[in-house]
There are 2 protein chains.
Amino acid sequence: MYTKTLTSRTKNDIPTSADRAYEIIFEKILSGELAPGEKLSIRTMSRLTGVSMIPVIEALHRLEYEGLVESFPRWGSRVVSLTPETVRDRNMLREAVECQVVRLLAEMGLSKEQEHQLRFMAEELDATPRTDERNSPFWKLHYEFHMKMAEYTGCQSLIRALHNVNLFHLLQRIVLLKPALHAKTLGDLHQKILGKIVAKDPDGAEKAMRDHIRVSVLTQQST
Amino acid sequence: MYTKTLTSRTKNDIPTSADRAYEIIFEKILSGELAPGEKLSIRTMSRLTGVSMIPVIEALHRLEYEGLVESFPRWGSRVVSLTPETVRDRNMLREAVECQVVRLLAEMGLSKEQEHQLRFMAEELDATPRTDERNSPFWKLHYEFHMKMAEYTGCQSLIRALHNVNLFHLLQRIVLLKPALHAKTLGDLHQKILGKIVAKDPDGAEKAMRDHIRVSVLTQQST
DNA sequence: AATCTATAACTGTTATAACAGTTATAGAAA
DNA sequence: TTTCTATAACTGTTATAACAGTTATAGATT
């Protein structure tokens, strides 16, 4: 699953109770079973996950860090609300990060191997029709392409921020699950972005990415 | 103090033990008493702060979220290390956020009151000589100007991300406490950025901000 | 019937103690 | 002196129980 947490455990490490609680709550949020805005009381989550209150608290903190949960002092936690303000907020952060990523890549230059890898992914992505169904292959490819670019910058902060906004975006799509409208491909949009990077044109790459994001935001809102 | 946490409590709320632990550890990190890279064991922090282990865990999570502490599964927490990679990483995130902020403001347009407020702050800032001393008024003004712009975007994610990179920057300055070299003003740099915003020139505003940040990074490294 | 009140069932917070694992140290064997 | 081993002192993790505060409900009073 491409929504796997970034704060992964060491490979030969047994998962802690907090890990288990995290994964259970995580899944239930992204499946819609725990709806946006729903209160997540510690004791309820404790019963739900089968662990005691303390690891639940840690799990909720992780989810808050990832942006799927919001907490208020002396009040508790809830699944993040999908208000217009929140959506705008995350889109602004996404734009900041994605634009910085492509600019950095255009300035650094890609290795031949990196370029081929991204080229391959961009071609497959641009050939895949975009639908609003859950589990549509488009979204998995889309996530992987954008994350791969972030990885190539070598900046952990950018990678993590992008991961978090992607999670939010995924939540948004699942909750607002709409009929599969405009199931068409996006032309060669991602290949064009990559072209600007390869041509070492930071301004052009950033502009192409920004246009891509804003169009995407508009179509989200209009459908 | 301009390093006060963003995750503030409600006004008439008594601080929790986790709040107290957070503030004590926070101060000790930013004063250098707890040095970058130093292990922060839960029991030691518990003795240090006078609260039990559980609120200490929460305090460390908050500090991790703010980027002052890094944790590893089944290992524990330490004050964030000031490696070249970490420094580059935060600078990249700063650039992404700051550039997005000025671009947004240039696209939205400022109200007359906002414009006057920023003008006032920019003039004061640009007239203040920059030194590397701790408690130099330059840094307080600098922080407040940049944060005020972020506030005017209305985007919580950008505000918080900027707050966090500012904390890291502050830690960096304090730890690498250098003699007060190049104690000169920066000309009218911030006023120029503001000018681009007021002129509703997103590309120009972003470029001016990016140049500002990169020059600032270079002078940090070279001195 | 409407309103006040007292009780019961929640809430987040946190101190304590115990479990399991790692690291360091000290003493014995080579 | 060096090496192995056993013990002691740590480490993060977490279950339990208790405290204080809020909310909702049910019963009594007006």
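Computed over heavy atoms, backbone and side chain alike; hydrogens, waters and symmetry mates excluded. Note that the structure is a prediction, hence the values are computed from the model and not measured. Just so we're on the same page: letters track the sequence lines, and every chain starts at 1.
Nearest-nucleotide assignment on DNA chain C puts the 5′-proximal partner with B:Pro55, out of B:Arg43 and B:Pro55.
With sequence neighbours left out, the side chain to side chain donor-acceptor pair (under 3.5 Å) criterion links A:Glu107 to B:Arg214. Legend: residues meeting salt bridge (Lys or Arg N to Asp or Glu O under 4.0 Å) with A:Glu124, ordered by chain and number and at least two apart, are absent. Under the side-chain contact (heavy atoms from CB on, under 4.5 Å) criterion, B:Ser17 pairs with B:Arg20, B:Val51, B:Pro55, not counting sequence neighbours. Residues meeting the side-chain contact (heavy atoms from CB on, under 4.5 Å) test with A:Ile24, sequence neighbours left out: A:Lys28, A:Thr49. Residues satisfying the side-chain contact (heavy atoms from CB on, under 4.5 Å) test with A:Ile213, not counting sequence neighbours, are A:Arg94, A:Glu95, A:Glu98, A:Met209, A:Val217. Residues passing the side-chain contact (heavy atoms from CB on, under 4.5 Å) test with A:Ala150, sequence neighbours excluded: A:Val101, A:Ile159, A:Leu162.
Screening residues 40-50 of chain B for salt bridge (Lys or Arg N to Asp or Glu O under 4.0 Å) gives no qualifying pairs among residues at least two apart or on separate chains.
Checking A:Glu58, A:His61, A:Glu66 one by one against A:Tyr22, the side-chain contact (heavy atoms from CB on, under 4.5 Å) holds for a single residue, A:Glu66.
Across all strands shown, A:Thr44 has heavy atoms under 4.0 Å from sugar-phosphate atoms exclusively, and none from any base.
C:dA20: Watson-Crick or G-U partner is D:dT11, with both key distances under 3.5 Å. D:dT3 is paired with C:dA28 under the Watson-Crick or G-U wobble criterion, all donor-acceptor distances under 3.5 Å.
When DNA chain D is scanned 5' to 3' for any atom under 4.0 Å from a heavy atom of chain B, the first and last hits are D:dT11 to D:dA15.
Shown for residues 46-54 of chain B: residues whose heavy atoms fall under 4.0 angstrom of DNA chain D, namely B:Met53, B:Ile54.
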